[in-house]
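Structure record follows, encoded as structure tokens.
Only this structure's heavy atoms are used, side chains among them; waters, hydrogens and symmetry mates stay out. Only a predicted model underlies this, so the values are computations on that prediction, with no experimental measurement involved.
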Amino acid sequence: MGYCLAKPGAWRDEPWEGDVVAKVGDKIFAFLGAGDAVGLKLGRNRDEADEWLRRYPQDASVSAYIGRHGWNVLRVGAGIPADEIREAIDESYDRVVSALPRSRRPA
């Protein structure tokens with residue numbers, strides 16, 4: 001969670017009881033859960049996000065409800081190297097920031 005919240009403009013929210021997320025502006029870029037997995041926006045669409053499922057079939061899965069939009073859940077501390085998890089967080093953050101109006105993007 002610390003890595004997510006260290007991003008410019010990032011903040012912790014709990015929009016639904018028990019669901020901790022990291023946001024930038026008013027948009028979620030990471031679902032943080034209990035700390036053993038992180039939900040991230042990993043593609044413009046499902047086809048792009050499916051690359052994670054092919055590379056890490058035991059440790060990556062489609063996010064419930066929003067998976068069709070390119071969101072995946074990655075298990076932390078399992079078969080996906082920590083540096084790739086950080087890169088995935090960076091990618092999700094960057095995708096969400098780029099969709100924000102320029103006036104609401106962090107400096």
Side-chain angles (χ1 to χ4, degrees):
M1 180 181 342
Y3 186 79
C4 291
L5 297 179
K7 297 281 190 197
W11 57 285
R12 181 189 186 279
D13 194 14
E14 191 174 333
W16 309 279
E17 187 174 333
D19 286 332
V20 176
V21 302
K23 288 183 171 181
V24 60
D26 62 347
K27 301 293 184 188
I28 296 170
F29 71 91
F31 290 86
L32 302 173
D36 60 344
V38 60
L40 301 166
K41 174 79 168 149
L42 295 175
R44 289 175 294 183
N45 54 46
R46 186 70 253 152
D47 289 337
E48 287 184 13
D50 281 348
E51 178 59 28
W52 284 90
L53 306 181
R54 286 188 285 278
R55 288 175 50 213
Y56 299 105
Q58 301 300 314
D59 299 310
S61 59
V62 177
S63 294
Y65 309 111
I66 58 174
R68 68 183 176 276
H69 300 291
W71 287 83
N72 284 348
V73 175
L74 306 180
R75 283 185 36 206
V76 176
I80 304 173
D83 63 324
E84 287 193 45
I85 296 281
R86 286 188 297 274
E87 287 174 15
I89 291 168
D90 294 346
E91 178 182 341
S92 184
Y93 173 85
D94 291 345
R95 283 186 185 281
V96 171
V97 167
S98 71
L100 292 173
R102 289 194 190 276
S103 64
R104 293 190 15 231
R105 293 180 189 172

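- A continuous path of hydrophobic side-chain contacts links L5 to I89 [ILVMFWY only; heavy atoms under 4.5 Å].
- Grouping the Ile, Leu, Val, Met, Phe, Trp and Tyr side chains by contacts below 4.5 angstrom, directly or via other members, places I85 apart from I28.
- Nearest heavy-atom pair across V62 and G67 is CG1-CA, 3.5 Å.
- Using a 4.5 Å cut-off between side-chain heavy atoms of Ile, Leu, Val, Met, Phe, Trp and Tyr, with links allowed through other members, M1 and V96 fall into the same hydrophobic cluster.
- Without hydrogens or angle criteria, N72 side chain to A49 main chain gives a donor-acceptor distance under 3.5 Å.
- Linking Ile, Leu, Val, Met, Phe, Trp and Tyr whenever their side-chain heavy atoms come within less than 4.5 Å puts V76 and Y3 in one cluster.
- Taking both residues in full, the closest heavy atoms of K41 and S92 are given as N-OG, 3.0 Å, listed atom of the first, atom of the second, then distance.
- For the pair R46 and D50, the salt-bridge criterion is met [side-chain N within less than 4.0 Å of a carboxylate O].
- Among pairs with a residue in residues 61-99, those fulfilling ring pair (Phe, Tyr, Trp, His ring centres under 6.0 Å) read F29-Y93, F31-W71, at least two apart in sequence or across chains.
- At most 12 heavy atoms of other shown residues, nucleotides or ligands fall within 6.0 angstrom of atom CZ in R44.
- Atoms CZ and NZ, on R104 and K27 in that order, are 7.0 Å from each other to the nearest 0.5 Å.
- Residues V20 and L40 are members of one and the same hydrophobic cluster, defined by side-chain heavy-atom contacts under 4.5 angstrom among Ile, Leu, Val, Met, Phe, Trp and Tyr.
- When all heavy atoms are compared, the tightest approach of E14 to G18 is OE2-N, 2.8 Å.
- Proximity of a side-chain donor or acceptor of D59 to a complementary backbone N or O of G79 within less than 3.5 Å is detected.
- In plain terms, the two heavy atoms of S63 and V73 that are nearest each other are OG-CG2, 3.5 Å.
- Between P15 and V21, the closest heavy-atom pair is CD-CG2, 3.6 Å.
- Rounded to the nearest 0.5 Å, atoms CD (E91) and CD (E84) are 11.0 Å apart.
- Annotation: side chain of R75 is not in contact with side chain of I80 (no heavy-atom distance under 4.5 Å).
- The minimum heavy-atom distance between P8 and P106, with the atom names listed, is O-CG, 3.3 Å.
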